[in-house]
There are 4 protein chains.
Amino acid sequence: MKLQEQERRGRGRPRSDQARRAILRAARELIRENGLAALTMEGIAAKAGVGKPTVYRWWPDRHAVAMAALMEDGPSESGPTLGEGRIPRRRLSTIQSLEQHLKKVIEVFAQPVGRTVARMIAAADDDSELSKAFRNHFIVARREEGRALLLRAIELGEIRADLDVETALDMIYGALFFRLLLGHAPLNEALARQIVSEALRGMRL
Amino acid sequence: MKLQEQERRGRGRPRSDQARRAILRAARELIRENGLAALTMEGIAAKAGVGKPTVYRWWPDRHAVAMAALMEDGPSESGPTLGEGRIPRRRLSTIQSLEQHLKKVIEVFAQPVGRTVARMIAAADDDSELSKAFRNHFIVARREEGRALLLRAIELGEIRADLDVETALDMIYGALFFRLLLGHAPLNEALARQIVSEALRGMRL
Amino acid sequence: MKLQEQERRGRGRPRSDQARRAILRAARELIRENGLAALTMEGIAAKAGVGKPTVYRWWPDRHAVAMAALMEDGPSESGPTLGEGRIPRRRLSTIQSLEQHLKKVIEVFAQPVGRTVARMIAAADDDSELSKAFRNHFIVARREEGRALLLRAIELGEIRADLDVETALDMIYGALFFRLLLGHAPLNEALARQIVSEALRGMRL
Amino acid sequence: MKLQEQERRGRGRPRSDQARRAILRAARELIRENGLAALTMEGIAAKAGVGKPTVYRWWPDRHAVAMAALMEDGPSESGPTLGEGRIPRRRLSTIQSLEQHLKKVIEVFAQPVGRTVARMIAAADDDSELSKAFRNHFIVARREEGRALLLRAIELGEIRADLDVETALDMIYGALFFRLLLGHAPLNEALARQIVSEALRGMRL
DNA sequence: GGATAATCGAGACGGTACGTCGCGTCTTCAT
DNA sequence: ATGAAGACGCGACGTACCGTCTCGATTATCC
């Protein structure tokens with residue numbers, strides 16, 4: 001990261017970070033107001049009080065601006081649910097922590113912006129760096145939290161050691177994603193409990 | 001219902017089903033050739049040898065045409081995997097049948113059109129009848145097959161009777177969907193086995 | 001004429017003169033309401049409660065319908081201003097009659113429909129029978145009245161006998177037409193007097 | 001006025017006069033090739049190698065483009081027929097000059113483009129600035145030449161001083177217009193002589 | 001009186017052009 | 001020499017009418 005920034009240094013006057021922030025702020029508000037489909041580069045530039053070429057200088061298309069905008073203040077990190085000293089403090093088992101974690105994830109993604117984020121991830125048909133970063137920011141990071149919990153649970157002997165962790169994670173987070181995008185059943189906190197409960201029976205020693 | 005239909009009949013030139021089919025055929029080919037993003041109403045009309053208003057007379061936007069087109073000859077039904085007489089013939093347990101079924105689903109959705117279908121489902125942010133029909137056609141119908149298999153398995157005593165079938169189904173199919181849309185891991189036949197295997201341990205008596 | 005009508009007779013359902021009248025009536029009202037430019041075949045058919053093909057069966061395009069409609073109840077004939085017994089009765093000289101005649105013509109064409117008629121005549125770039133009939137109905141017929149008056153004036157020795165009647169008529173009616181279409185000066189009754197006055201000095205013995 | 005112009009300057013890319021000229025040129029050629037009725041905004045834009053919005057940025061509709069196009073190189077000015085030193089040189093009386101002038105006007109308007117121009121003037125039912133400019137360019141300017149000639153003739157004692165010049169001008173030019181638009185009689189050079197001759201008898205001392 | 005046939009209202013059809021919107025690029029001026 | 005402003009070429013949008021056609025229903029003449 002730092003290397004990239006340093007590479008950029010030296011050539012000409014640095015770009016106005018103020019313009020960049022105005023653009024992202026405008027994009028964010030427009031998405032909230034009218035949804036992703038109604039987001040246009042022209043609208044962003046106009047709302048940000050910025051020329052269109054300035055927007056294009058930073059991002060190649062509206063999708064990229066939207067991703068950047070949502071990553072800046074989208075659903076916030078769910079926080080350090082896995083603090084070393086935290087679990088003992090609350091006397092939560094690792095599995096209970098997983099359920100708590102899933103509840104938070106559900107809470108975030110059940111909101112309008114969360115749904116937008118999920119749709120953007122699903123709809124993206126490219127493999128640009130930004131797309132990867134976006135997926136990583138919103139999904140993979142959470143899945144990593146889940147993985148850490150599962151590994152810790154194995155370590156602690158709460159679940160069986162020969163668990164296929166990757167598949168288990170896809171089943172857990174996939175169930176959330178599936179309900180969110182399909183809409184065939186509610187995406188509420190009860191789901192967290194149900195998922196953990198069902199998964200647990202398969203993961204028990 | 002009948003009254004409405006009767007009211008509608010008899011007046012004016014009837015809609016040309018030939019035009020309808022030509023439109024869907026053109027849309028299908030265009031999607032296969034250039035992908036969903038490059039699909040335009042104008043292109044569809046031109047390729048179908050049809051006026052633009054005729055396309056709009058049938059469907060409100062390109063998304064709807066695409067859905068209708070893919071539903072007409074998208075990934076075909078995976079077939080009657082649960083025929084009464086079939087399972088004994090092949091000597092497959094219900095759970096083995098589920099794995100076979102998942103393999104077929106994966107096979108279909110791993111193909112380009114399958115990915116397109118999945119993205120369309122995920123990206124749809126409306127609840128129109130067509131959207132529901134599309135989801136039903138491609139996802140819900142398969143999930144129903146899965147449910148039938150699980151219920152049969154319960155009946156036959158292959159898995160525990162107090163299983164939360166809905167959650168289990170969301171975990172199974174969600175895992176597929178998740179991998180397909182996130183692309184963080186391959187969507188291959190091995191996944192079917194892994195999913196069933198992991199899920200099974202939780203579903204055993 | 002009768003032969004043509006007899007030739008037309010046949011087996012099928014005869015054309016509905018009621019439909020014809022409804023079409024012309026609708027066209028007339030639409031012209032009055034929104035002007036000629038806003039007149040459409042669809043609008044006419046809808047307003048007349050008639051199918052489009054029925055309109056096309058009678059007239060080839062909207063211009064033709066408009067002409068037919070305006071000819072049916074456009075500016076009415078200015079009446080028999082040249083009745084043999086009428087002039088003596090009113091003790092008007094032929095030239096005074098000409099002025100009266102021009103006043104009536106001006107009165108008609110100064111109205112909105114009159115302006116529409118004039119524009120239609122000017123804008124027509126075809127030489128169809130209907131166009132000729134239209135010009136004849138609204139312009140030539142009046143010019144003929146003028147010619148009759150001039151010829152009579154010559155006969156009576158009110159103006160010189162070697163007058164170029166055709167040119168004189170074009171100058172008289174052309175002046176009206178010119179003001180109407182150019183709009184550079186008012187088209188009012190005073191003009192009738194001015195035209196006759198100026199023309200007369202050139203037409204006197 | 002100057003303030004408005006100054007306000008407008010400096011911001012943004014200036015309008016391309018090259019595009020403007022290409023549009024007018026294309027419109028002119030299309031009118032000559034297929035006539036006014038076949039002129040479309042789309043055709044103009046395509047032929048000019050310009051986007052449709054650019055055409056609309058300059059003119060509101062096809063009529064306006066046509067007017068602007070014809071004004072740029074329509075029938076050229078008939079030239080300084082009333083040069084101070086010219087009349088004596090050619091030993092033409094003012095009235096003879098008027099006849100010459102009318103011949104030139106006739107020559108121009110008897111050509112296809114001249115007829116188109118006349119029809120456009122007649123058909124225009126608005127009072128936009130452009131319509132006025134168009135009428136002024138093609139008709140009023142010539143009528144002004146005629147007025148100058150008549151006024152000079154009065155000055156020189158060639159015609160009577162109490163002539164109603166405006167009415168006389170309308171009769172003279174109206175006769176041309178009338179024949180052009182009605183087409184009931186030829187619009188040729190003989191007409192110039194006839195008009196002047198007939199008008200003169202009324203204008204003589 | 002039944003068959004035949006042209007017309008009727010209705011409205012979908014293949015088209016053309018409309019006028020607008022947004023794209024991504026460019027050109028100019030002010031800072 | 002950057003950045004806002006905004007025009008540019010382009011292409012698709014969704015709509016309005018065009019003039020034609022295909023329906024079922026109606027209304028006349030002819031056999």
Side-chain angles (χ1 to χ4, degrees), chain A residues 11-16 18-19 22 38-46 48-57 60-62, chain B residues 8-20 22 38-46 48-58 60-62, chain C residues 8-16 18-19 22 38-46 48-58 60-62, chain D residues 8-20 22 38-46 48-58 60-62:
Chain A
R11 298 273 186 97
R13 171 180 163 184
R15 293 179 191 164
S16 160
Q18 189 182 333
L39 188 70
T40 67
M41 290 300 241
E42 295 206 333
I44 293 166
V50 143
K52 274 200 289 175
T54 302
V55 185
Y56 282 103
R57 217 167 278 128
D61 53 46
R62 99 190 85 176
Chain B
R8 203 186 272 260
R9 294 201 49 230
R11 302 266 241 234
R13 177 177 176 172
R15 289 209 195 163
S16 161
D17 197 62
Q18 188 182 332
R20 188 184 158 277
L39 188 69
T40 67
M41 290 299 245
E42 225 152 42
I44 294 166
V50 146
K52 265 198 293 178
T54 300
V55 185
Y56 283 102
R57 217 169 275 128
W58 287 92
D61 51 47
R62 104 194 76 179
Chain C
R8 192 93 71 78
R9 289 266 175 80
R11 308 243 283 168
R13 175 178 176 173
R15 287 200 198 166
S16 161
Q18 188 182 333
L39 188 70
T40 67
M41 290 300 242
E42 280 192 339
I44 293 166
V50 144
K52 274 199 290 176
T54 302
V55 185
Y56 282 102
R57 215 168 276 126
W58 287 92
D61 52 46
R62 99 192 83 177
Chain D
R8 204 187 273 258
R9 295 201 46 230
R11 302 266 241 235
R13 178 177 176 173
R15 290 209 195 160
S16 161
D17 197 62
Q18 189 181 332
R20 188 183 159 277
L39 188 69
T40 67
M41 291 299 244
E42 225 152 43
I44 293 166
V50 144
K52 266 199 291 178
T54 301
V55 185
Y56 282 103
R57 217 170 275 128
W58 287 93
D61 53 46
R62 102 193 78 180

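The chains referred to below are lettered A, B, ... by the order of the sequence lines, with proteins before strands, and numbering in each begins at 1.
Taking D/Arg20 as the reference, D/Asp17, D/Glu72 meet the salt bridge (charged side-chain N to carboxylate O under 4.0 Å, His left out) condition, with sequence neighbours excluded. For C/Ala22, the side chain to side chain contact (heavy atoms under 4.5 Å, CB included) test picks out C/Ala48, with sequence neighbours left out.
Not one side-chain nitrogen or oxygen of C/Trp58 sits closer than 4.0 Å to the OP1 or OP2 atom of E/dT7.
A straight line from OH of C/Tyr56 to P of F/dC17 spans 12 Å, rounded to a whole angstrom. Taking atom CD on A/Gln18 and atom P on F/dG3, their separation rounds to 11 Å, with Å as the unit.
Of all the heavy atoms in A/Lys52 and A/Glu42, the pair that sits closest is NZ-OE2, 2.8 Å. Nearest approach of B/Gly51 to B/Ala45, heavy atoms of both residues: C-CB, 4.1 Å.
Scanning residues 38-46 of chain C for heavy-atom distances under 4.0 Å to DNA chain F yields C/Thr40, C/Met41, C/Glu42.
Donor-acceptor pairing under 3.5 Å, judged by distance alone, is absent between the side chain of D/Lys52 and the base of F/dG11.
Across the interface with DNA chain F, nearest-nucleotide mapping of A/Ala19 and D/Val50 shows A/Ala19 to be the residue nearer the 5′ end. For the pair C/Gly49 and B/Thr54, both in contact range of DNA chain E, the more 5′-proximal nearest nucleotide belongs to C/Gly49.
Closest to the B/Arg57 side chain, of the nucleotides F/dC18, F/dC23, E/dC13, is E/dC13. Picking from F/dC10, E/dG9, F/dT15 the nucleotide with the shortest atom distance to the side chain of D/Pro53 gives F/dC10.
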